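Heads up, the thing below is written out as structure tokens.
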Amino acid sequence: AIPRRICARSLPPALTPWISPFNHPRIQRRGAATEGGFGATEPATATQNDLDFSPKDDIVSLAEKELHKLSLNDLIRFGRPPLPAQALLKSARFTREALPIRLSRRIVALRNLPYIIVSNPHISSIFENYQHSLRTILSFPRNHPTTLAEELDFTELLTTIVQTHQNTIPTLARGFLECRRYTTPIEVTTFLDQHLRERIGTRLMAEQHIALHLASTKSPDKLDSENLTNLVNDSYIGCIDTALQPAKIIQSCASFVGDICELRYGVRPQIKIDGDPDVTFPYIPVHLEYILTELLKNAFRATVESGSTTPVYITIAKNPYREGISMRIRDCGGGIAPENLENIWSYSFTTFDEDEGRNDDVLGRFNDAAGGADGSTIAGLGYGLPLSRAYAEYFGGSLTLQTSYGWGTDVYLKLKGVDVGAL
Ligand code: ADP
Ligand code: MG
């Protein structure tokens with residue numbers, strides 16, 4: 001069971017054809033529902049103006065709208081699936097309203113990069129993906145869906161959008177690497193940090209509706225639900241597992257990372273879980289999988305490269321006062337040199353390949369067998385720590401690191417759970 005986030009699934013940028021709201025088969029243009037909920041104050045009828053997409057003005061004004069900070073409580077507010085039709089429609093309309101604002105912000109941010117960077121083919125392909133996604137979602141009338149048939153269309157459209165953006169991170173990473181002589185690491189990190197943090201929320205918002213749909217309707221086969229089928233599970237509310245057991249995720253990530261470690265070095269370090277392995281808490285499994293995979297890759301790599309045979313110790317503790325956990329991942333892999341320590345949170349900073357003298361061919365890592373950038377190599381992108389921290393902090397958690405150079409490294413991960421008691 002390879003964690004979903006790190007599956008190498010290189011999707012072609014198969015873009016949905018332009019769907020005009022005026023020839024959309026299932027949508028009759030008429031007064032939309034006004035039963036409250038998100039967007040209830042907006043005009044009830046989708047007019048030509050609402051739907052027209054003029055790249056010059058609309059993106060900017062959409063991007064200037066207030067960004068609703070997504071909270072775990074937002075994700076569960078429509079209730080526990082299977083949702084009644086009205087709640088499912090509300091969730092869809094909430095997503096229809098919020099996504100264009102988020103996509104527009106990404107487009108504006110990309111457009112504000114120096115021209116030489118935006119014109120890099122990788123970065124411009126991401127830019128075009130965002131524009132295409134925005135156009136696609138705007139093609140769906142505002143204040144819709146109002147029927148379950150429309151909701152299915154909407155969810156299909158959403159699924160295509162999510163898939164289109166599957167490869168955003170490695171593509172951007174490659175683009176920025178190719179542009180590194182035109183920019184500074186600080187500029188890149190500032191841009192990427194904001195971009196990738198907002199992307200976490202945008203993606204989650206779309207995935208949450210898709211997961212709620214799958215868990216609430218009997219039509220999962222109509223969608224390409226390969227990635228989402230195991231979200232249809234009793235303890236899940238959409239993407240949130242209300243009984244997530246970190247020890248289980250550690251085991252599956254360690255087995256995956258052990259495989260890639262063995263592939264590269266011929267050995268796999270052992271792990272030992274202590275503390276309270278039975279702890280469960282409500283959280284988003286894919287986020288925890290991402291973080292743990294990256295932290296274990298770092299710990300395994302350090303262990304093997306330093307020649308240590310000491311296992312990686314993972315201590316799990318439940319917060320005694322509120323929903324949440326902390327974890328310490330301890331390796332005896334020699335620690336981090338002081339001159340590197342200040343850089344480890346920068347995107348693209350890596351010490352990988354240095355000893356093999358391959359640093360000149362830094363782009364080569366994207367061409368390696370596994371593609372390098374899809375998460376299936378042990379290290380090399382330099383995105384592991386900063387992006388893991390972005391995931392941890394997204395819902396109020398934290399990721400910190402203590403190192404004893406010459407001995408080893410402790411990484412502390414703290415996560416707040418969502419309070420689902422009321423549901
Ligand atoms: P990458 O693993 O792709 O190099 P990361 O962001 O995960 O990128 O880590 C950045 C750098 O921090 C690594 O290249 C390594 O030098 C250092 N590092 C991170 N974790 C550890 C660790 N547990 N032990 C030793 N060095 C580490
Ligand atoms: Mg790493």
Side-chain angles (χ1 to χ4, degrees), residues 3 5-6 169-170 172-174 176-177 180 185-186 188-189 192-193 196-197 250 253-254 256-258 260-261 263-265 268-272 289-315 327-356 358-359 361-366 368 370-393 399-413:
R5 281 265 173 217
I6 50 177
I169 291 175
L172 277 181
R174 181 167 191 157
F176 279 109
L177 207 52
R180 68 195 185 286
I186 293 174
V188 174
T189 293
L192 279 176
D193 210 42
L196 298 179
R197 277 169 196 255
I250 293 168
C253 292
F256 171 75
V257 177
I260 56 177
C261 198
L263 211 61
R264 174 154 181 112
Y265 300 105
R268 70 166 68 210
Q270 294 302 305
I271 60 158
K272 288 230 153 46
E289 276 166 10
Y290 180 85
I291 298 169
L292 284 172
T293 303
E294 291 304 324
L295 298 180
L296 287 172
K297 280 196 221 170
N298 289 348
F300 280 18
R301 176 191 160 209
T303 302
V304 176
E305 288 191 355
S306 70
S308 163
T309 50
T310 315
V312 171
Y313 282 92
I314 299 136
T315 310
M327 256 185 249
R328 184 189 61 198
I329 294 117
R330 166 167 287 181
D331 68 69
C332 294
I336 302 172
E339 67 269 26
N340 291 335
L341 198 55
E342 56 183 316
N343 296 321
I344 58 171
W345 301 104
S346 298
Y347 287 90
S348 310
F349 175 81
T350 180
T351 54
F352 195 61
D353 277 352
E354 256 176 9
D355 39 342
E356 293 174 32
R358 281 176 47 193
N359 232 18
D361 182 28
V362 75
L363 293 175
R365 68 177 69 123
F366 289 97
D368 285 351
D374 57 15
S376 61
T377 47
I378 191 84
L381 264 194
Y383 279 45
L385 284 178
L387 196 52
S388 295
R389 184 164 71 178
Y391 273 107
E393 289 178 355
L399 183 69
T400 52
L401 180 151
Q402 297 281 332
T403 191
S404 306
Y405 188 39
W407 182 256
T409 305
D410 281 351
V411 179
Y412 296 88
L413 171 67

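Atoms within a ligand are numbered from 1 in the order they appear, just like the ligands themselves. Side-chain atoms are counted along with the backbone in the values below, which use heavy atoms only and exclude waters and symmetry mates. Just so you know, these numbers come straight off a predicted model, no measurement behind them.
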query = So is G333 in contact with ligand 1, going by heavy-atom distances below 4.0 Å?
reply = no
task = Spell out, as yes or no, whether a donor-acceptor pair under 3.5 Å connects the side chain of R301 to the backbone of N298.
result = no
ask   = Please state which protein non-hydrogen atom is closest to atom 8 (O) of ligand 1 and give its distance, to 0.1 Å?
value = G382 CA, 3.1 Å
remark   = On a heavy-atom basis, the closest approach of P269 and V304 is CG-CG2, 3.7 Å
query = Between F352 and ligand 1, is there a nitrogen or oxygen pair with a distance under 3.5 Å?
reply = no
Where P386 and I344 come nearest, the two heavy atoms and their spacing = CD-O, 3.8 Å
task = Could you tell me whether the side chain of T189 and the main chain of Y347 form a donor-acceptor pair under 3.5 Å?
result = yes
request  = Check each of L292, I329, L295 against I250 using the side-chain contact (heavy atoms from CB on, under 4.5 Å) test, and report the only one that passes.
outcome  = L292
request  = Could you establish whether R301 and ligand 1 come within less than 4.0 Å of each other, counting only heavy atoms on the residue side?
outcome  = yes
inquiry  = Give me the atom names and distance for the closest heavy-atom approach of C253 to T293.
reply    = SG-OG1, 3.4 Å
Atom 14 (O) of ligand 1: the protein heavy-atom neighbour that sits closest, reported with distance to 0.1 Å = T351 N, 2.9 Å
request  = Say whether N340 and ligand 1 are in contact under the criterion: heavy-atom distance to a ligand atom below 4.0 Å.
outcome  = no
request  = State the atoms of ligand 1, each with its element, that fall below the 4.0 Å cut-off from a heavy-atom position in P386.
outcome  = 6 (O)
ask   = Which atoms of ligand 1 are found less than 4.0 Å from any heavy atom of G335?
value = 25 (C)
query = Do the side-chain N and O atoms of Y265 and E305 include a donor-acceptor pair separated by under 3.5 angstrom?
reply = yes
request  = Report the nearest protein non-hydrogen atom to atom 5 (P) of ligand 1: residue, atom name, distance rounded to 0.1 Å.
outcome  = L385 N, 3.6 Å
note = protein heavy-atom neighbour closest to atom 12 (O) of ligand 1 works out as I344 CG2, 3.2 Å
query = Going through the checks in order, is the side-chain contact (heavy atoms from CB on, under 4.5 Å) test met by W345 and L401?
reply = CA-CA 10 Å; W345 301 104; L401 180 151; 4.1 Å; yes
ask   = Which is it for I336 and ligand 1 at heavy atoms under 4.0 Å: side chain, backbone, both or neither?
value = side chain
ask   = What's the verdict on side-chain contact (heavy atoms from CB on, under 4.5 Å) for I336 and T351, showing C-alpha distance, side-chain angles and the deciding distance?
value = CA-CA 10 Å; I336 302 172; T351 54; over 6 Å; no
query = Where does L401 meet ligand 1, judged by heavy-atom distances below 4.0 Å: at the side chain, the backbone, both, or neither?
reply = neither
note = One finds that the ligand 1 atoms under 4.0 Å from a non-hydrogen atom of A302 are 24 (N), 25 (C)
inquiry  = Which of the numbered atoms in ligand 1 are under 4.0 angstrom from any heavy atom belonging to F349?
reply    = 8 (O), 10 (C)
task = May I ask you to check if any N/O/S atom from N298 comes under 2.8 Å of the Mg ion (ligand 2)?
result = yes
task = Decide whether the shortest distance between a heavy atom of G334 and an atom of ligand 1 is less than 4.0 Å.
result = no
request  = Compare every heavy atom of G335 with every heavy atom of T403, then report the nearest pair and how far apart it is.
outcome  = OG1-CA, 3.2 Å
key: Atom of S306, atom of C332 and distance for their closest heavy-atom approach   = OG-O, 3.8 Å
query = What do you reckon, does G408 put a non-hydrogen atom under 4.0 Å from ligand 1?
reply = no
ask   = Taking the minimum heavy-atom distance to atom 4 (O) of ligand 1, which of T350, D331, T403 ranks first?
value = T350
message = I need the atoms of ligand 1 closer than 4.0 Å to a non-hydrogen atom of T409, numbered in the order shown.
response = 22 (C), 23 (N), 24 (N)
note = Minimal heavy-atom distance between C261 and F300, with the atoms involved, is SG-CB, 4.0 Å
task = Any atoms of ligand 1 less than 4.0 Å from a non-hydrogen atom of L381? List them with their elements.
result = 3 (O)
query = So, is A379 polar-close to ligand 1, with some N/O to N/O distance under 3.5 Å?
reply = no
message = Between ligand 1 and N298, is the shortest N or O to N or O distance under 3.5 Å?
response = yes
ask   = At what distance, to the nearest 0.5 angstrom, does CG of L196 lie from CG of L387?
value = 5.5 Å
